[in-house]
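Quick caveat, the model's predicted, so the values are computed rather than measured.
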Amino acid sequence: QVQLVESGGGLVQAGGSLRLSCAASERTFNSNVMGWFRQAPGKEREFVARISWTGWTIYYADSVKGRFTISRDNAKKTVYLQMNSLKPEDTAIYFCAADPSGTGSTWSYWGQGTQVTVSS
């Protein structure tokens, strides 16, 4: 079983930065595609970014390209989301997810989420 614990959320002014972390407990973290999703109030959960287990393949949602950076440290079993130039529309609960299939489309494990609030 994979347990994912997010941290790093908070309140920031527009234009500011935050760095989210997601620590995985399961020893096969290295073989999982890891991703970040978000859910704003009244909206469906949406994809933000994902990274392959090697770190060589990365995808971003168009809405965050050029502002957010996903990375991972396999030795620490942790994936990060560096968020710069934050906008009020980035306000959401951010979730970390793991895909053990390696396809980037089977998100079997989820964290509890961390709140990010961007004030205007």
Practice prompt. Start with the C-alpha gap between Ser25 and Lys77, add the side-chain angles, then the distance that decides, and say whether side chain to side chain contact (heavy atoms under 4.5 Å, CB included) holds.
Written response: CA-CA 7 Å; Ser25 65; Lys77 297 192 293 294; over 6 Å; no

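- Across all their heavy atoms, Trp56 and Ser52 have their closest contact at N-OG, 3.4 Å.
- With sequence neighbours excluded, the residues satisfying side-chain hydrogen bond (donor to acceptor under 3.5 Å, both in side chains) with Lys65 are Asp62.
- Interatomic distance, Tyr94 OH to Ser7 OG, rounded to the nearest 0.5 Å: 15.0 Å.
- Closest non-hydrogen pair, Arg67 versus Ser85, comes out as NH1-O, 3.0 Å.
- Of the options Leu81, Ile58, Thr57, Thr69, a side chain to side chain contact (heavy atoms under 4.5 Å, CB included) to Ile51 is made by Ile58 and by none of the others.
- In this structure, Val116 is a member of the same hydrophobic cluster as Trp36, with clusters built from ILVMFWY side-chain heavy atoms closer than 4.5 Å.
- Between the Tyr60 side chain and the Ile70 main chain, a donor and an acceptor come within less than 3.5 Å of each other.
- In this structure, Gln39 places its CD atom where more than 12 heavy-atom neighbours from other residues, nucleotides or ligands lie under 6.0 Å away.
- Linking Ile, Leu, Val, Met, Phe, Trp and Tyr residues whenever their side-chain heavy atoms come within less than 4.5 Å places Val48 and Leu86 in a single cluster.
- At distances below 3.5 Å, not a single donor-acceptor pair connects side-chain atoms of Thr103 with backbone N or O atoms of Ser101.
- The minimum heavy-atom distance linking Gln112 with Leu4 is given by the pair OE1-O, 3.5 Å.
- The minimum heavy-atom distance linking Met34 with Cys22 is given by the pair CE-SG, 4.5 Å.
- In this structure, Ala40 and Thr91 approach most closely via the heavy-atom pair CB-O, 3.6 Å.
- Taking a 4.5 Å side-chain heavy-atom cut-off between Ile, Leu, Val, Met, Phe, Trp and Tyr, the cluster of Trp107 extends to Val33, Phe37, Phe47, Tyr59, Ile93, Phe95, Trp110.
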Worksheet item: Given Ser108 and Thr106, is the side chain to side chain donor-acceptor pair (under 3.5 Å) satisfied, shown in steps?
Response: CA-CA 6 Å; Ser108 301; Thr106 308; over 6 Å; no

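- There is a path of hydrophobic side-chain contacts, each under 4.5 Å, that joins Val118 to Leu18.
- Salt bridge absent: Asp99 and Arg50 never bring a charged side-chain N and a carboxylate O closer than 4.0 Å.
- The heavy-atom pair separating Trp53 from Asn74 by the smallest distance is O-ND2, 3.1 Å.
- Proximity of a side-chain donor or acceptor of Glu6 to a complementary backbone N or O of Gly113 within less than 3.5 Å is detected.
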Worksheet item: Can you list the steps and then say if Arg38 with Ser63 is a side chain to side chain contact (heavy atoms under 4.5 Å, CB included)?
Response: CA-CA 12 Å; Arg38 66 186 182 186; Ser63 58; 3.4 Å; yes

